[in-house]
Amino acid sequence: MKQLIEVYTQNFNGVWFAFACTQQQIIASSFDSSQQVTLRNVLGNIPFDLPFQVFHEPSAFAKITLSFLKSIYEGQNVSVNFSLALTRLPAYTQKVLKATAQIPLGYVASYGSIAKAVGGGPRAVGNIMAANPFAPIVPCHRVVKSDFTLGGYGGGLRAKVELLGKEKRGFSSPKGIAVSGRQLMVFPVEYVLRDLD
DNA sequence: TGCAAACCATAAC
DNA sequence: GTTATGGTTTGCA
């Protein structure tokens, strides 16, 4: 018997969060100023062959997930080892999402640099960011253009700027992190924000 | 700056 | 199979 997928939606400080999960895994997540938009994002990422239901009383796992989402939204540093339902996604998509998840808080990486680390091209990476089922858990807001301008964001560029602003940690120099056996350069988020005034 | 061409996985036909 | 679509990048005027 297929496991029933639970869907939750909740407002926090004027922002709507929604996510779908089983008792162990997140299937999709989203946030937006509009409840309708965020709910639609989540529902659209539930596999069509699985039954789901909208719940109001969060299960234990859902409670954890909710506070996790809020923490991310507030720019807090939370560990990324959260169980996401990746296996139904195409292999390359999984690779890109995993690489993105490794960008540390306080830093950004470019579409092109991620492409170089995992293979493929920058536009393919951009397409996957645009379709990210796990916003903001997989921090696609930390992916920007190679010239440190913003690039795009599903929830609107204003939301991207706000999130990045909350993630400022005052780092001053780039560093390399290991991603699928290669080196991925990440840059302080201030590189992006300093030109925006 | 601005524009054209190359780039590349996906989804939609 | 084939085509269309981008949250891009690079080179060149």
Side-chain angles (χ1 to χ4, degrees), chain A residues 15-20 27-34 36-38 40-50 69 72-73 75 80 84-168 174 176-177 179-197:
Chain A
V15 178
W16 284 99
F17 293 84
F19 62 95
I27 308 288
S29 62
S30 175
F31 73 101
D32 194 89
S33 56
S34 146
Q36 184 183 356
V37 168
T38 188
R40 192 185 59 202
N41 287 344
V42 166
L43 296 180
N45 279 305
I46 298 177
F48 67 90
D49 57 331
L50 300 181
L69 283 169
I72 294 174
Y73 180 73
V80 283
L84 306 176
L86 290 167
T87 55
R88 299 180 74 102
L89 301 172
Y92 181 73
T93 300
Q94 293 185 39
K95 265 169 77 171
V96 170
L97 291 178
K98 284 179 187 167
T100 304
Q102 290 184 257
I103 304 170
L105 181 136
Y107 292 90
V108 297
S110 74
Y111 301 96
S113 62
I114 292 176
K116 263 205 317 199
V118 304
R123 306 196 71 177
V125 170
N127 283 338
I128 289 166
M129 294 300 107
N132 178 19
F134 304 107
I137 301 173
V138 170
C140 56
H141 56 279
R142 294 179 197 154
V143 185
V144 299
K145 289 198 182 184
S146 57
D147 61 0
F148 296 115
T149 57
L150 276 178
Y153 197 64
L157 288 185
R158 200 199 57 231
K160 188 169 187 173
V161 172
E162 281 179 15
L163 254 183
L164 290 176
K166 288 185 252 187
E167 297 190 343
K168 281 196 281 190
I177 62 175
V179 167
S180 12
R182 281 177 227 241
Q183 172 122 225
L184 172 67
M185 286 305 283
V186 296
F187 301 83
V189 62
E190 282 82 354
Y191 281 33
V192 177
L193 299 171
R194 68 180 164 200
D195 293 330
L196 294 180
D197 311 326

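Keep in mind that the numbers below use all heavy atoms, side chains included, and drop hydrogens, waters and symmetry copies. The chains referred to below are lettered A, B, ... by the order of the sequence lines, with proteins before strands, and numbering in each begins at 1.
- Contact annotation for A:Gly152: base contact, defined as any heavy-atom pair under 4.0 Å involving a base atom.
- As a whole-Å value, the separation of A:Met129 CE from B:dT10 P is 12 Å.
- For the atom pair CD of A:Gln94 and CD1 of A:Ile128, the computed distance is 10.5 Å after rounding to the nearest 0.5 Å.
- Across all strands shown, A:Val125 has no heavy atoms under 4.0 Å from either base or sugar-phosphate atoms.
- Rounded to an integer number of Å, the gap from NZ of A:Lys145 to C1' of C:dG6 is 11 Å.
- The nearest whole Å value for the distance from the CG atom in A:Leu150 to the P atom in C:dG6 is 20 Å.
- Put simply, the side chain of A:Phe31 does not reach to within 4.5 Å of the side chain of A:Asn41, judged on heavy atoms.
- The partner of C:dC12 is B:dG2, judged by Watson-Crick or G-U wobble contacts that both fall below 3.5 Å.
- Here the straight-line distance linking atom CG of A:Leu105 with atom CD of A:Glu167 works out to 4.5 Å at 0.5 Å rounding.
- Contact annotation for A:Tyr111: base contact, defined as any heavy-atom pair under 4.0 Å involving a base atom.
- Within the structure, a side-chain polar atom (N or O) of A:Thr93 is placed less than 4.0 Å from OP1 or OP2 of B:dT10.
- Nearest nucleotide to the A:Cys140 side chain, out of C:dG7, C:dT9, B:dC7: C:dG7.
- Across all strands shown, C:dG7 has no partner, as no Watson-Crick or G-U wobble contact with both distances under 3.5 Å is found.
- At a cut-off of 3.5 angstrom, the base of C:dG7 holds no donor-acceptor pair with the side chain of A:Tyr153.
- Whole-Å rounding puts the A:Arg88 CZ to B:dA11 P distance at 13 Å.
- If you measure from atom CZ of A:Phe48 to atom P of B:dA12, you get 12 Å, rounded to the nearest angstrom.
- Remark: P of B:dG2 and CG of A:Asp147 are 13 Å apart, rounded to the nearest angstrom.
- Closest approach to the A:Asn127 side chain among C:dT8, C:dG7, B:dA11 is made by C:dG7 (side chain taken as heavy atoms from C-beta onward).
- Look at A:Ser146 and you won't find any side-chain N or O under 4.0 angstrom from OP1 or OP2 of C:dT8.
- In this structure the side chain of A:Leu69 never reaches within 4.5 angstrom of the side chain of A:Tyr73, judged on heavy atoms.
- Going from atom NZ of A:Lys116 over to atom P of B:dA6 covers 21 Å, rounded to whole Å.
- A:Gly119 comes within contact range of no nucleotide atom at all, as no heavy-atom separation falls under 4.0 Å.
- Closest to the side chain of A:Ala124, out of B:dA11, B:dC8, C:dG7, is B:dC8.
- Here the side chains of A:Pro174 and A:Tyr191 are in contact, with some heavy-atom distance below 4.5 Å.
- Comparing C:dG7, C:dT9, C:dG6 by their nearest atom to the side chain of A:Arg123 picks out C:dG6.
- Spacing between atom CG of A:Leu89 and atom P of B:dA9 amounts to 16 Å, rounded to whole angstrom units.
- Put simply, the side chain of A:Val179 does not reach to within 4.5 Å of the side chain of A:Lys98, judged on heavy atoms.
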